[in-house]
Peer 1: 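I have a structure I would like to understand better, so I am pasting it below and will then ask my questions one at a time.
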Amino acid sequence: MGSTSAENHGGVGRRDLIKRSAALGLASVPAMSLLSACASGGGGGQGKAKEGKKTAKNPLGVNESAKMEFVLFDGGFGQEYAQDATKIYQKDFPKATVKFSATQKIQSTLQPRFNQGNPPDLIDNSGAEQMDMGVLVGKNQLTDLTPLLDAPSYDDPAKKVRDTLRPGIVEMGQFDGKPVWIFYYAYTVYGVWYSQKALDSLDEKYPETWDEMLKVCEKAKKKGMAGWTYAGKYPYYLPFSLYPMIGKVGGREVLDAIDNLEPNAWKHPAVKACLEAYYELYKKGYVLKGTPGLDHIQSQTAWAKGNALFIPNGSWVENESANVIPKDYSLAVSAPSGLDGSDKMPFGTMWASGGEPFIVPAKAANAPGGMEQLRIMLSEASSKNFTSKVKSLTAYNGGTDGIELTPGLKSGVAALAKAGSNVVNPRLQDWYVQLQKEKIGVAGLGEMMAGRLTPAEAVKKIQGFADETAKDTSIKHYKHQ
């Protein structure tokens with residue numbers, strides 16, 4: 001396919017392309033997945049700490065003198081919020097030894113310990129070296145966190161922990177049935193991030209349709225500013241705005257079909273049209289030169305310096321780029337632009353969901369201690385501490401009273417309010433990490449945005465990856481219920 005822009009003289013516009021392609025139809029046969037290599041049983045294991053006495057102040061029965069080890073991903077949210085929470089644990093259990101560490105190399109650091117049977121008690125399983133959670137769940141490597149969710153909340157014993165959480169958090173941690181294997185601590189707003197000041201300087205509003213987006217990018221280009229940049233070395237950041245755009249154009253069912261690995265899901269007309277739209281950014285020279293060679297920090301720095309107007313990202317970007325974002329930047333986030341007024345969902349449709357996945361390994365020596373650390377982190381005080389220090393919301397449904405919201409956080413809260421019920425939550429990045437990051441992200445979308453694949457070639461390649469994953473019987477597969 002060539003450009004689907006409305007400027008196709010004598011050709012078809014975007015919406016016509018979708019209508020024409022819709023005749024192809026979609027099969028809806030359930031499917032399965034690729035990946036493996038992330039978790040195995042093995043190892044001699046370690047001795048479990050003896051269970052402690054359950055009391056009103058210790059509802060999970062933590063052994064008060066047992067060691068508790070917590071390994072944090074050292075990323076955009078920093079370490080301070082977690083260190084503060086471990087101090088509370090230490091205060092509550094003064095006889096306990098608390099070991100806290102942080103690393104960016106989660107898998108290479110911790111996978112050997114899973115294999116040996118001596119993993120830490122609590123892990124923030126995030127970052128580029130995130131262990132594949134679908135594999136961890138499928139190989140029974142995780143502790144069911146239902147006891148934590150049913151325990152009294154840290155602040156109010158009359159309320160269970162689950163009753164203090166934002167909608168969707170519990171469900172995100174469920175892969176098959178009722179057990180909750182993962183707890184997503186941060187609440188992330190994904191979308192297109194930009195400087196309101198820069199947009200104002202162009203005398204433009206945030207573009208709601210793709211033709212408007214191209215117009216804004218052309219204006220920016222004439223002023224020496226690229227329209228877009230992204231983490232070229234980690235192009236799985238592109239879906240933070242691309243996936244909700246696909247949902248907006250084609251409806252939630254298109255994203256569900258992709259998550260379910262259904263045959264031809266990536267060949268849906270809405271997917272094709274959205275990839276064509278993004279490819280236009282490359283073809284028209286609206287992507288910052290050199291972007292495919294930039295990592296997330298470099299692309300964010302170029303964007304913060306005004307070299308590019310828009311960047312797809314999550315709400316951690318405000319904290320991660322705090323040292324390079326100018327004070328008068330007026331950081332803002334928007335739901336992605338759609339194609340036109342015929343999209344299935346309204347403008348404002350966005351991706352927002354739990355982020356920063358915490359796990360308690362099944363072979364942890366002190367699993368109750370790991371869960372108790374999470375219970376502490378879900379107190380109002382710890383939630384407020386996180387929000388004020390890292391400029392992001394938590395899974396705790398509240399925790400913003402009395403806090404002066406930063407520009408990005410304020411914009412994110414407003415975007416969530418505008419979205420209302422039109423919030424989508426693609427699950428590929430949770431269910432099939434390797435497929436999402438290495439295959440769809442790097443080998444598919446990354447190659448397309450670097451100009452080395454056409455959208456049609458990218459669709460074919462990505463569908464092939466999804467089909468391989470669907471046929472792979474080595475790991476467990478998941479489906480929207």
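Side chains are part of it too, since the values below use all heavy atoms of this structure and drop only hydrogens, waters and symmetry mates. Owing to the predicted nature of the structure, the values given are computational and were not obtained by experimental measurement.
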Peer 1: Determine yes or no for a side-chain-to-main-chain donor-acceptor pair under 3.5 angstrom, with Thr406 supplying the side chain and Lys391 the backbone.
Peer 2: no
Peer 1: Within this structure, what is the CG-CG distance for the pair Leu255 and Asn425, rounded to the nearest 0.5 Å?
Peer 2: 9.5 Å
Peer 1: Assess, by modelled atom type and distance only, whether the side chains of Asn260 and His480 contain a donor and an acceptor separated by less than 3.5 Å.
Peer 2: no
Peer 1: Identify the heavy atoms of Leu453 and Ala443 that sit nearest to each other, and give their distance.
Peer 2: CD1-O, 3.7 Å
Peer 1: How long is the straight-line distance from CD of Glu356 back to OG1 of Thr188, given to the nearest 0.5 Å?
Peer 2: 7.5 Å
Peer 1: Do Gln196 and Leu199 come close enough that some side-chain heavy atom pair is under 4.5 Å?
Peer 2: yes
Peer 1: Are the side chains of Met245 and Cys274 in touch, meaning some heavy atoms are under 4.5 Å apart?
Peer 2: yes
Peer 1: Just verifying a value: how many Å separate Met225 CE and Phe310 CZ, rounded to the nearest 0.5 Å?
Peer 2: 9.5 Å
Peer 1: For Lys283, look at atom NZ and say whether over 12 heavy atoms of other residues, nucleotides or ligands are found less than 6.0 Å away.
Peer 2: no
Peer 1: Please check if atom CG in Asp203 has more than 12 non-hydrogen atoms from other residues, nucleotides or ligands closer than 6.0 Å.
Peer 2: no
Peer 1: Do Arg427 and Asp430 sit within salt-bridge range, that is, some charged N less than 4.0 Å from a carboxylate O?
Peer 2: yes
Peer 1: Does the pair Ile106 and Asp124 meet the rule for a side-chain contact (heavy atoms from CB on, under 4.5 Å), with working shown?
Peer 2: CA-CA 8 Å; Ile106 291 292; Asp124 173 15; 5.8 Å; no
Peer 1: Does Pro361 offer a backbone N or O that forms a donor-acceptor pair with the side chain of Thr143 under 3.5 Å?
Peer 2: yes
Peer 1: Using atom types as modelled and distance alone, determine if a side-chain donor or acceptor of Thr469 lies under 3.5 Å from a backbone N or O of Phe465.
Peer 2: yes
Peer 1: State whether Lys205 and Glu212 are salt-bridged, where the test is any N-O pair (Lys NZ or Arg NE/NH1/NH2 against Asp/Glu carboxylate O) under 4.0 Å.
Peer 2: no
Peer 1: On a heavy-atom basis, which atom in Met172 and which in Tyr184 lie closest, and how many Å separate them?
Peer 2: O-CE1, 3.7 Å
Peer 1: Working note: Tyr237 + Trp193, criterion ring-ring contact (aromatic ring centres under 6.0 Å, His included); need CA distance, chi angles, decisive distance, verdict.
Peer 2: CA-CA 12 Å; Tyr237 277 54; Trp193 294 77; over 10 Å; no
Peer 1: Are side-chain N/O atoms of Ser392 and Glu318 paired as donor and acceptor at under 3.5 Å?
Peer 2: no
Peer 1: Please evaluate residues Val433 and Leu428 with respect to the criterion side-chain contact (heavy atoms from CB on, under 4.5 Å), reporting the C-alpha separation (whole Å), side-chain torsions for both, the decisive distance (0.1 Å), and the verdict.
Peer 2: CA-CA 7 Å; Val433 174; Leu428 275 186; over 6 Å; no
Peer 1: Do Tyr194 and Tyr206 have ring centroids that are under 6.0 Å from one another?
Peer 2: yes
Peer 1: Could you check whether any side-chain heavy atom of Gln130 comes within less than 4.5 Å of a side-chain heavy atom of Lys437, counting everything from C-beta outward?
Peer 2: yes
Peer 1: side-chain contact (heavy atoms from CB on, under 4.5 Å), that's the test. Do Lys272 and Trp266 meet it? Break it down for me.
Peer 2: CA-CA 8 Å; Lys272 291 182 178 181; Trp266 282 91; over 6 Å; no
Peer 1: Would you call Leu142 and Val360 a side-chain contact if the rule is heavy atoms closer than 4.5 Å?
Peer 2: no
Peer 1: Once you round to the nearest 0.5 Å, how far does CG of Leu309 lie from CG of Leu288?
Peer 2: 11.5 Å
Peer 1: Within this structure, what is the OG1-CD distance for the pair Thr454 and Glu447, rounded to the nearest 0.5 Å?
Peer 2: 12.0 Å
Peer 1: Is Glu280 reaching over with its side chain to a backbone N or O of Leu214, donor-acceptor style, under 3.5 angstrom?
Peer 2: no
Peer 1: Report the distance from atom CD1 of Ile359 to atom CD1 of Ile182, rounding to the nearest 0.5 Å.
Peer 2: 7.0 Å
Peer 1: Knowing that exactly one of Leu238, Leu445, Ile258 qualifies, which makes a side chain to side chain contact (heavy atoms under 4.5 Å, CB included) with Ile440?
Peer 2: Leu445
Peer 1: Test salt bridge (charged side-chain N to carboxylate O under 4.0 Å, His left out) on Glu204 and Lys215; report intermediate values, then the result.
Peer 2: CA-CA 9 Å; Glu204 289 286 350; Lys215 176 190 166 193; 3.7 Å; yes
Peer 1: I would like to know whether Asp343 and Lys248 meet salt bridge (charged side-chain N to carboxylate O under 4.0 Å, His left out); could you show each step before the answer?
Peer 2: CA-CA 6 Å; Asp343 292 348; Lys248 180 186 188 311; 2.8 Å; yes
Peer 1: What I'd like to find out is whether the side chain of Phe347 reaches to under 4.5 Å of the side chain of Lys418, using heavy atoms alone.
Peer 2: yes
Peer 1: For Lys410, I'd like to know if atom NZ has over 12 heavy atoms of other residues, nucleotides or ligands within 6.0 Å.
Peer 2: no
Peer 1: Check the angle between the aromatic planes of Phe386 and Tyr185 and answer parallel, tilted or perpendicular using the 30° and 60° thresholds.
Peer 2: perpendicular
Peer 1: Is there a donor-acceptor pair closer than 3.5 Å between any side-chain N or O of Asn319 and the backbone N or O of Gly76?
Peer 2: yes
Peer 1: With Trp228, which of Tyr278, Tyr286, Tyr282 fulfils ring-ring contact (aromatic ring centres under 6.0 Å, His included)?
Peer 2: Tyr278
Peer 1: Using the rule side chain to side chain contact (heavy atoms under 4.5 Å, CB included), only one of Thr164, Asp144, Leu374, Val170 pairs with Leu149; which is it?
Peer 2: Val170
Peer 1: Could you tell me if Lys389 sits above the aromatic ring of Tyr81, with its cationic atom closer than 6.0 Å to the ring centre and no more than 45 degrees from the axis?
Peer 2: no
Peer 1: Have Thr291 and Thr229 got a donor and an acceptor in their side chains that come within less than 3.5 Å?
Peer 2: yes
Peer 1: Would Lys284 and Glu218 pass as an ion pair if we require N to O under 4.0 Å?
Peer 2: no
Peer 1: Any side-chain heavy atom of Val71 within less than 4.5 Å of one from Leu110?
Peer 2: yes
Peer 1: Under a 3.5 Å cutoff, is there a donor and acceptor pairing between the side chains of Asp74 and Gln79?
Peer 2: yes
Peer 1: Are Tyr478 and Phe175 near enough that their ring centres are under 6.0 Å apart?
Peer 2: yes
Peer 1: Could you tell me if the side chain of Gln174 sits less than 4.5 Å from the side chain of Pro179, heavy atoms only?
Peer 2: no
Peer 1: Do the side chains of Leu261 and Lys479 get nearer than 4.5 Å, heavy atoms only?
Peer 2: no
Peer 1: Determine whether the aromatic ring centres of residues Tyr396 and Tyr187 are separated by less than 6.0 angstrom.
Peer 2: no
Peer 1: Taking Lys461 for its side chain and Gly444 for its backbone only, find out whether a donor-acceptor pair lies under 3.5 Å.
Peer 2: no
Peer 1: Looking just at side-chain N and O atoms, do Gln300 and Ser321 make a donor-acceptor pair shorter than 3.5 Å?
Peer 2: yes
Peer 1: Under the 3.5 angstrom rule, does the side chain of Ser299 hit a backbone N or O of Asp295 as a donor-acceptor pair?
Peer 2: yes
Peer 1: Taking Val333's backbone N and O only, do any of them form a donor-acceptor pair with Ser411's side chain (distance below 3.5 Å, no angle check)?
Peer 2: yes
Peer 1: Take Met448 and Tyr279, measure what side-chain contact (heavy atoms from CB on, under 4.5 Å) needs, and give me the verdict at the end.
Peer 2: CA-CA 7 Å; Met448 183 189 80; Tyr279 191 64; 3.7 Å; yes
Peer 1: State, without any angle test, whether Asp132 and Gln434 hold a side-chain donor-acceptor pair at a distance under 3.5 Å.
Peer 2: no
Peer 1: Given Trp316, which partner from the list Phe240, Phe73, Phe77 fulfils the ring-ring contact (aromatic ring centres under 6.0 Å, His included) test?
Peer 2: Phe240
Peer 1: Check the side chains of Asp211 and Thr209 for a donor-acceptor pair under 3.5 angstrom, ignoring hydrogens and angles.
Peer 2: no
Peer 1: Distance alone, cut at 3.5 Å: any donor-acceptor contact between the side chains of Trp303 and Thr301?
Peer 2: no
